[in-house]
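Structure first, then comments.
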Amino acid sequence: MNYKEALDYIHSVNWTFCKPGLERIKALCTALGEPQKKLRFIHVAGTNGKGSTSAMLASILQKAGYRTGLYTSPYIRTFCERIRVDGENIPEEKLATLTERIRPIADQMKDKPTEFELITALAFEYFYQSECDVVVLEVGLGGRLDSTNVIENTALSIITGIDFDHTALLGNTIGEIATEKAGIIKPCRPVLFGGEEGVARDTVRNVAFEKNAPFYTVDRSSYQQKGATLDGTTFDYLHYTDLHLPLLGAYQPYNATLVLTAIDLLCEQGFAIDEEAVRKGLAAVRWPARFELFSRDPVIIYDGGHNPEGVRAAVASVKAYFPNQRVNILGGVMADKERGEMIQTMKPIAARAFAVTPNNPRALAAAEYAAQLASYGIPASSYESVAEGVKAAVESSKKEGIPLLCLGSLYLYEEVEAALVDLLRS
């Protein structure tokens, strides 16, 4: 089996009608020799900020000398970036070899595993074979019944924050969603919550209490910003001074305070992570598609905010970096997303919108998205291709002298990036 054949097989799995549960992933892992039981994890759940938080943690742990695995989703440029060791993607040939090993196991199962379950089991085996000291494991969806929740040896569970998303699967109230995400909490193992006070925090704390798990929150009153530009943010937090974070977005220092609190908790458990590793790890972190600067002339930024909390964070970042200025917005969304609140949030910063269709079967047609944007008072046009939309948006931004924010589905990233490279090169 080669790399293409491996991906074709992984993507061919139809998960739509699978019953939620951990039985399939447990069966897969058992057949593989239960590699997850031979690893130590930092488990990261939450509605937004999981990926950035995970990337910062992995970068710091790597600088501290730990062989560090990182499991994230979805991918941005290449499938292999979902599974990394010390910052390096799983090699294509290794992915193919492991898929070839797992396929006969999966094919013989009466209750066939989902695509995500296959990938998760494969990742566990790769991290084990790579002799990882610790794995930063991002939850795919929810928590309680997510495939990653088959793990047992958790050094720390992190829940970044909770908002409405995937309500059909996780529940229609913040309390219900919080209960699902709190399902990653392990008995007697610490949990760190990064959200604000309210129902979500109370729910997570109650689950922690029931499991006798030490519950911690983030003291953001200790955060002091020193400066924020398109080159990054300099800040103080707790006993750290003049830390530099290259990730843009007003929400990224917020994520960083969560990470720094997590580092202190890990040190209390015996991890050896000194201040130099923290500084170097934060300074070296890279995480695409989260208020990522593509160009300075004109200013072009990509942000994958695709739910109400994510869009609010992106809009807050626009206001922070470009006060009293409107921006053009290039965007596309999934049809199953609740768009009204997101569009209303965008309206105060939107000069004009350029609607395109993401490359995904669940995508909303550009024309329909443009019509909905216009119904909320945002002038909008739709385009048959992403390249055409990018060209029109960039030309408008240059003419008006205003920034362009590419906002919405992560499934747009690759096409937008390619179109921008071609356009800015010409």
Side-chain angles (χ1 to χ4, degrees), residues 39-44 46 49-72 81 83-90 123 126-128 130-138 151 153-160 189-194 214 216-220 222-228 231-249 251-288 290 292:
L39 295 163
R40 196 177 192 192
F41 296 92
I42 299 168
H43 207 181
V44 184
K50 298 190 299 294
S52 301
T53 297
S54 298
M56 288 186 225
L57 279 168
S59 184
I60 291 171
L61 288 163
Q62 184 182 340
K63 295 297 183 184
Y66 291 96
R67 187 155 176 78
T68 306
L70 176 63
Y71 183 61
T72 59
E81 72 191 46
I83 304 169
R84 304 182 191 182
V85 172
D86 283 351
E88 298 293 328
N89 298 348
I90 181 174
Y126 179 64
F127 293 140
Y128 168 65
S130 300
E131 300 181 331
C132 288
D133 300 310
V134 61
V135 175
V136 182
L137 189 71
E138 181 190 347
I151 65 172
N153 188 11
T154 305
L156 176 67
S157 298
I158 299 174
I159 300 174
T160 59
R189 303 306 303 149
V191 56
L192 173 61
F193 182 69
Y216 299 91
T217 57
V218 181
D219 177 19
R220 292 198 169 88
S222 298
Y223 172 81
Q224 182 180 355
Q225 183 172 294
K226 297 288 191 66
D231 293 314
T233 302
T234 303
F235 65 96
D236 297 343
Y237 182 66
L238 297 176
H239 52 280
Y240 301 101
T241 59
D242 296 320
L243 292 170
H244 178 71
L245 181 66
L247 301 182
L248 300 185
Y251 51 86
Q252 292 296 10
Y254 179 94
N255 292 333
T257 60
L258 175 64
V259 169
L260 293 169
T261 305
I263 292 299
D264 283 357
L265 291 174
L266 292 171
C267 288
E268 290 178 7
Q269 296 185 60
F271 280 78
I273 308 168
D274 60 21
E275 186 169 323
E276 182 180 10
V278 171
R279 291 184 179 279
K280 288 183 176 179
L282 282 183
V285 70
R286 299 291 181 269
W287 196 239
R290 281 74 173 181
E292 179 184 1

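Please read all numbers here as calculations on a predicted model, not as lab measurements. All values below were derived from every heavy atom in this structure, side-chain atoms included, with hydrogens, water molecules and symmetry-related copies excluded.
Summarising the geometry of R189 relative to A155, their closest heavy-atom pair is NH2-O, 3.5 Å, with the distance given to 0.1 Å. Residues V285 and L282 come closest through the heavy atom pair CG1-O, 3.1 Å. The heavy-atom pair separating G69 from F127 by the smallest distance is CA-CE2, 3.7 Å. A283 and R286 make their closest contact through O-NH1, 3.4 Å (heavy atoms, listed as atom of the first residue, atom of the second, distance).
In summary, D133 and R40 do not engage in a salt bridge, as defined by a charged side-chain N under 4.0 Å from a carboxylate O.
Residues Y240 and I263 have side chains in contact (heavy-atom distance under 4.5 Å, counting atoms from C-beta outward). A heavy-atom distance below 4.5 Å is not found between the side chains of N255 and W287. For the pair L39 and N153, the minimum side-chain heavy-atom distance is 4.5 Å or more. Residues Q269 and P190 form a side-chain contact, since some pair of their non-hydrogen atoms from C-beta on lies under 4.5 Å apart. Under the 4.5 Å side-chain criterion, counting only non-hydrogen atoms from C-beta, Y237 is not in contact with V259. Side-chain atoms of Y71 and I83, non-hydrogen and from C-beta on, do get closer than 4.5 Å to each other. Counting only heavy atoms from C-beta outward, the side chains of D264 and H239 approach each other to under 4.5 Å. The side-chain heavy atoms of D219 and T261, taken from C-beta on, include no pair separated by under 4.5 Å.
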Cut-off 3.5 Å, no hydrogens considered: what does the side-chain donor-acceptor table look like for residues 49-57, sequence neighbours left out?
from: K50; atom 1: NZ; to: G46; atom 2: O; distance (Å): 2.9
from: S52; atom 1: OG; to: Q252; atom 2: NE2; distance (Å): 3.0
from: T53; atom 1: OG1; to: G49; atom 2: O; distance (Å): 2.7
from: S54; atom 1: OG; to: K50; atom 2: O; distance (Å): 2.8

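Shown here is E88, whose CD atom has no more than 12 heavy atoms of other residues, nucleotides or ligands within 6.0 Å. The neighbour count for E275 CD, taken as heavy atoms of other residues, nucleotides or ligands under 6.0 Å away, is above 12. Other residues, nucleotides and ligands contribute more than 12 heavy atoms inside 6.0 Å of the OH atom of Y254.
R220 places a side-chain N or O within 3.5 Å of a backbone atom of G194 that can act as its donor or acceptor partner. Of the possible polar contacts, one joining the R279 side chain to the D242 backbone as a donor-acceptor pair under 3.5 Å is found. Panel note: side chain Y66, backbone A58; no donor-acceptor pair is recorded below 3.5 Å. With R290 contributing its side chain and P288 its backbone, the two residues share a donor-acceptor pair below 3.5 Å. Although no hydrogens or angles enter the test, the distance criterion places a donor-acceptor pair under 3.5 Å between the side chain of R67 and the main chain of S130. Within the 3.5 Å criterion, the main-chain N or O of R84 finds no donor-acceptor partner in the side chain of N89.
Put simply, CG on L156 and CZ on F271 are 9.0 Å apart, with the number rounded to the nearest 0.5 Å. To the nearest 0.5 Å, atom CG of residue D274 and atom CD1 of residue I60 are 11.0 Å apart. A distance of 7.0 Å separates CG in L248 from OG1 in T233, rounded to the nearest 0.5 Å. The line from CD1 of I90 to CG of L70 is 12.5 Å long, rounded to the nearest 0.5 Å. Rounding to the nearest 0.5 Å gives a distance of 10.5 Å between OG1 of T241 and CZ of F235. Taken to the nearest 0.5 Å, the OG atom of S222 stands 11.0 Å off from the CG atom of L260.
Of the candidates I42, V134, V85, V134 is the only one forming a side chain to side chain contact (heavy atoms under 4.5 Å, CB included) with T68.
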